[in-house]
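These figures come from a predicted structure and were not determined experimentally.
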Amino acid sequence: YKETMTAKLSTEETKECRLYFNSFDRDQNGAIDEWELRLALESLGSNPSDGDIKKLMYSLDQDKNGLIDFPEFLRAIQIQKRNEERPDKDQELISAFVAMGGRSDKSGCINADRLRKVLKEDFGLTIKIEEMLDKQKKKQNKQKKKKKKK
């Protein structure tokens with residue numbers, strides 16, 4: 001149980017987490033209560049409301065004993081680290097669009113033949129690209145017709 005929660009943290013990171021945890025655990029009982037959590041967040045520059053503290057405690061306190069113990073604290077750090085490592089999905093799409101010939105401001109066009117080649121040959125994807133391109137073409141034609149009527 002403990003190993004899976006700390007698997008994404010290095011030994012050094014786990015040691016640092018222990019130091020932070022101990023500094024937040026003012027009464028040194030091995031757990032952080034609501035008051036200690038508030039002090040910890042305030043020391044980091046936050047001004048949490050009572051509701052914020054309750055929500056945070058509820059989400060972190062897995063055994064629902066009203067306290068955050070060290071494994072629960074590590075899990076919170078792991079989640080935060082994972083969220084920081086996860087690339088922005090929009091940025092990934094924009095980067096792919098630019099790599100295919102579009103512009104970073106989301107304008108421009110991608111060559112359909114090049115898209116087919118990259119998806120099928122380079123990545124070996126078996127998606128129904130022709131269907132997707134036909135749908136997109138129909139959508140564009142409808143938009144053009146609407147513009148002409150105006």
**Message:** Would the distance check show the side chain of E72 and the main-chain N or O of Q62 forming a donor-acceptor pair, the cut-off being under 3.5 Å?
**Reply:**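 Yes; judged by distance alone, with no hydrogens or angles, the pair exists.
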**D61 (side chain) donor-acceptor with G66 (main chain) under 3.5 angstrom** = yes
**Fill in**
Value for CG (N47) from CD (E42), rounded to nearest 0.5 Å, stands at 6.0 Å
**Request:** Working to the nearest 0.5 Å, report the span between NZ of K142 and NZ of K145.
**Result:**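 The NZ atom of K142 sits 9.0 Å away from the NZ atom of K145.
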**Message:** Run the side chain to side chain donor-acceptor pair (under 3.5 Å) test against K137 and tell me which residues pass, sequence neighbours left out.
**Reply:** none
**Item:** Counterpart residues, side chain to side chain donor-acceptor pair (under 3.5 Å), relative to S107 (two or more places apart)
**Value:**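 Side chain to side chain donor-acceptor pair (under 3.5 Å) list for S107, sorted by chain: R103, D105.
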**Prompt:** For residues 19-32, which residue pairs qualify under side chain to side chain donor-acceptor pair (under 3.5 Å), counting only residues two or more places apart or in two chains?
**Reply:**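 Side chain to side chain donor-acceptor pair (under 3.5 Å) check on residues 19-32 returns no pairs.
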**Message:** Go through it in stages, so that I can follow the logic: the residues are K139 and K135, the test is side chain to side chain contact (heavy atoms under 4.5 Å, CB included), and I'd like the CA-CA distance, side-chain angles, deciding distance and then a yes or no.
**Reply:** CA-CA 6 Å; K139 185 178 175 183; K135 283 181 186 178; over 6 Å; no
**More than 12 heavy atoms of other groups within 6.0 Å of K64 NZ** =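 Result for NZ/K64: enclosed.
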Using salt bridge (Lys or Arg N to Asp or Glu O under 4.0 Å) as the criterion, list what pairs up with [X], not counting sequence neighbours.
X: D63; value: none
X: E34; value: K54
X: K117; value: D122

**Item:** ring-ring contact (aromatic ring centres under 6.0 Å, His included) against F21, all qualifying residues, sequence neighbours excluded
**Value:** F70, F73
**Complete:** Heavy atoms of L37 and M57 approach each other most closely as CD2-SD, 3.6 Å
**Prompt:** Which atom pair, heavy atoms only, marks the closest approach of C17 to L74?
**Reply:**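 Taking every non-hydrogen atom into account, CB-CD2, 3.6 Å.
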Any residue meeting side chain to side chain contact (heavy atoms under 4.5 Å, CB included) with [X], in chain and number order, not counting sequence neighbours:
X: L60; result: L56, I68, A76
X: R116; result: A112, D113, I129, E130, L133
X: D134; result: none
X: K138; result: none

**Request:** Could you work out the complete set of other residues in the hydrophobic cluster of L39, with links drawn between I, L, V, M, F, W and Y side chains under 4.5 Å apart?
**Result:**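 Once heavy-atom contacts under 4.5 Å are chained together, L39 belongs with W35.
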